[in-house]
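Below is one structure, written out as C-alpha cells; comments come after it.
The analysis underlying the following values was restricted to heavy atoms, covering all of them including side chains, and did not include hydrogens, waters or symmetry mates.
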Amino acid sequence: MAKKKTWQETLFVKGTYFDYPSLFYVVFLVVFGLMMIYSASSFVASRDYHGNSTYYVIRQLLFCGMGFVGAYVLSKIRYQVFKRFTWLFYFTELGLLIAVFLFGTATNGSVRWIRIAGVRFQPSELAKIVIILYMAHVCSTRVRAMETIKGTLEMMFPAFLLIGIIAIENLSTGIICAGIAVVIWLVTTPKLRYVFVVIIIGVLGVVGMVLLQSYRSDRIEAWFNPETSPNGYQTMQGLYAIGSGGLFGRGLGQSIQKLGFIPEAQNDMIFSIICEELGIIGAVGLIVVFLMLIWRFKFIAEGAPDRYGSLIVVGVIAHLSIQVLINMCVVTNLIPNTGVTLPFISYGGTSLVSLIGEMGIVLGVSRQIEPISVSERKRIRSNR
C-alpha cells in the first residue's frame, strides 16, 4: 500500500535536479541590468532627486530582492499545484484589470497603474503569468477540444478577453500576451489553420486599434519619418546613441545621450545606452546571454515530467523572446515605438518582480526533471 503524502510533500518538491545554468544567466542579466540602470540614470537622478544619483538603482535593487525571494518560494512549490488555482488566478487578474479602468492612475497619458495598500503596480505585467498558467492548463487537459472550432473558441475566449482589456490602454503588452497564448496553442493544436485565422484576425484588430487612437497613428508616422516627426525625438536620440557607440563603444559610464537627451533612458531605451557605452560587441554579447537562457529553458521544457510543466516553460520562453525582440526592434526603429521594457535590464518594479517570479516557476519545473544519461535522453527524443 502506497504511503500517503503529507501536505508538505504535496505542496513542496525537494527534487534531485536544479538547473543552475539558468539561475546563473538570470542573475547575470539582473546584475548587468543594475549596472546599466545606474549608468543610464545617475545624471537624471542627481538632477531630479537632490543629488541622489543612486535613486533608481537602489529602488531596482529592492525590486530584485522581492523578486528573488518570490522566485525561491515558487521554485520550491510543485508546479502541478497551480492547476488547482487556475481560475482563481484568472478571475483575480480580471478584477485587477477592471479596477485599473475604475481607479487606475495615468502615466504618460495611459491608465495602466493601480495602487493597493500604498503599493503601486501594473496588473498587465501579472497578466502574462496568468495567461501562461491558463493556456498551459487548458492546452494540456483539453487536447480534443482543439480539434473543433467551437471547442477552440471556448478555450481561447478567456485568454483573449484578458488580452483585449489590456490592449485598450496598453497595446504593446496586449500583443506580447497574445503572442504567449498563440505560441502555447501552436505547439499543442492539431489544427494549425485555426491558429493562422486567429493571427490574421489579431493583426486586423491591431490595425483597427491603431487607426482609432490618434497617438498610435502618430507613432506610425514617427516610425517612417523620425527625423521630421514631432514624435520622433526619442527614436532619433536612441539612434544617435547606437551610432556613436560604434563597434566597441565609448566605454562604461561614458554615454553622452544619457545626459538628458534620451527621455527615460533607464527604461524602454536602455538598450541604446548599452550600444553607446559597450558598442555592437557588447550588444551582441547581451543577445547571446538571452539566447543561452532560452536554450536552457528549452532543455527544461523537453525534460519536464508532463505536458503541463512543459507548456509553462514554453510560455515563459515565448514571453522572454517576444519582449526582447520587440524592445530591441523599437530601439533600432525596426518597428514603431512602444512602451516595452528590456527583460531584467530596464528599470521597473512590477515587470522585474514578475519576470523573476516566472524564472522561479521554471526552476520549479526543473526540480522535477529525472536525471538520465545523454544516450537515454536521445533515445526518448527519437521516439517522440
Side-chain angles (χ1 to χ4, degrees), residues 28-49 52-57 59-60 107-108 172 215 218-291 320-348 351-352 355:
F28 175 87
L29 288 169
V30 170
V31 172
F32 179 76
L34 289 170
M35 179 181 70
M36 292 310 305
I37 286 172
Y38 178 70
S39 177
S41 68
S42 57
F43 172 81
V44 175
S46 295
R47 183 192 66 192
D48 297 343
Y49 295 98
N52 183 8
S53 62
T54 61
Y55 174 82
Y56 289 105
V57 72
R59 286 175 61 86
Q60 189 78 344
T107 302
N108 296 326
S172 55
Y215 75 91
D218 292 340
R219 289 182 178 181
I220 299 295
E221 195 273 332
W223 175 42
F224 285 114
N225 304 292
E227 66 282 354
T228 58
S229 171
N231 299 297
Y233 175 80
Q234 186 182 48
T235 298
M236 289 303 301
Q237 295 301 320
L239 293 175
Y240 291 151
I242 295 171
S244 65
L247 187 61
F248 297 103
R250 291 177 173 271
L252 186 62
Q254 302 303 310
S255 167
I256 300 299
Q257 296 303 116
K258 71 182 181 183
L259 303 178
F261 294 101
I262 300 180
E264 302 290 335
Q266 71 276 8
N267 290 338
D268 307 341
M269 300 298 288
I270 198 168
F271 185 64
S272 64
I273 304 300
I274 294 172
C275 292
E276 185 180 9
E277 295 190 349
L278 304 180
I280 300 301
I281 298 297
V284 171
L286 177 62
I287 293 170
V288 169
V289 175
F290 276 119
L291 291 175
L320 191 60
S321 304
I322 295 169
Q323 191 157 327
V324 168
L325 184 63
I326 289 178
N327 178 272
M328 292 184 177
C329 286
V330 164
V331 172
T332 54
N333 202 37
L334 294 176
I335 62 175
N337 201 336
T338 62
V340 173
T341 57
L342 184 59
F344 304 112
I345 310 296
S346 295
Y347 173 78
S351 174
L352 182 64
L355 272 165

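Atom CZ of F261 has 12 or fewer heavy atoms from other residues, nucleotides or ligands within 6.0 Å.
Between P226 and M236, the shortest heavy-atom contact is O-CG, 3.3 Å. Across every non-hydrogen atom of N267 and S346, the tightest pair is O-OG, 2.8 Å. Minimum heavy-atom separation, Q234 to P263: NE2-O, 3.1 Å. Between N327 and D268, the shortest heavy-atom contact is ND2-O, 3.0 Å. Of all non-hydrogen atoms in I274 and L286, the two that sit nearest each other are CD1-CD2, 3.8 Å. The two atoms that bring Q323 and S351 nearest to each other are NE2-OG, 4.2 Å, heavy atoms only.
No donor-acceptor distance shorter than 3.5 angstrom exists from the side chain of K258 to the backbone of V44, with no hydrogens or angles considered.
Contact check for M36 versus L252: side-chain heavy atoms found under the 4.5 Å cut-off. Residues L278 and F32 form a side-chain contact, since some pair of their non-hydrogen atoms from C-beta on lies under 4.5 Å apart. For the pair L355 and F344, the minimum side-chain heavy-atom distance is below 4.5 Å. The closest side-chain heavy-atom distance from W223 to N337 is not below 4.5 Å. Using a 4.5 Å heavy-atom threshold, the side chains of L342 and F290 count as touching. The shortest distance between side-chain heavy atoms of I262 and S272 falls below 4.5 Å.
Here the straight-line distance linking atom CD of Q257 with atom CD1 of I242 works out to 10.5 Å at 0.5 Å rounding. Annotation: the span from I220 atom CD1 to S229 atom OG amounts to 11.0 Å, rounded to 0.5 Å. In this structure, CZ on F248 lies 11.0 Å from CD1 on I280, to the nearest 0.5 angstrom. Taken from OG1 in T341 to CD in Q266, the straight-line distance is 12.0 Å, to the nearest 0.5 Å. Within the model, atoms CZ of R47 and OG of S42 stand 11.5 Å from one another, a figure rounded to the nearest 0.5 Å. Of the inter-residue distances, the one linking C275 atom SG with I281 atom CD1 reads 11.5 Å to the nearest 0.5 angstrom.
A donor-acceptor contact under 3.5 angstrom links the side chains of E277 and S39, judged on distance only.
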**OP:** Mind running side-chain contact (heavy atoms from CB on, under 4.5 Å) on V324 and I322 for me, showing each step along the way?
**Re:** CA-CA 6 Å; V324 168; I322 295 169; over 6 Å; no
**OP:** Please test M269 against T235 for side-chain contact (heavy atoms from CB on, under 4.5 Å), starting from the C-alpha separation and ending with a verdict.
**Re:** CA-CA 9 Å; M269 300 298 288; T235 298; 5.8 Å; no
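By the 30° and 60° cut-offs, the orientation of the rings of Y347 relative to Y56 is perpendicular.
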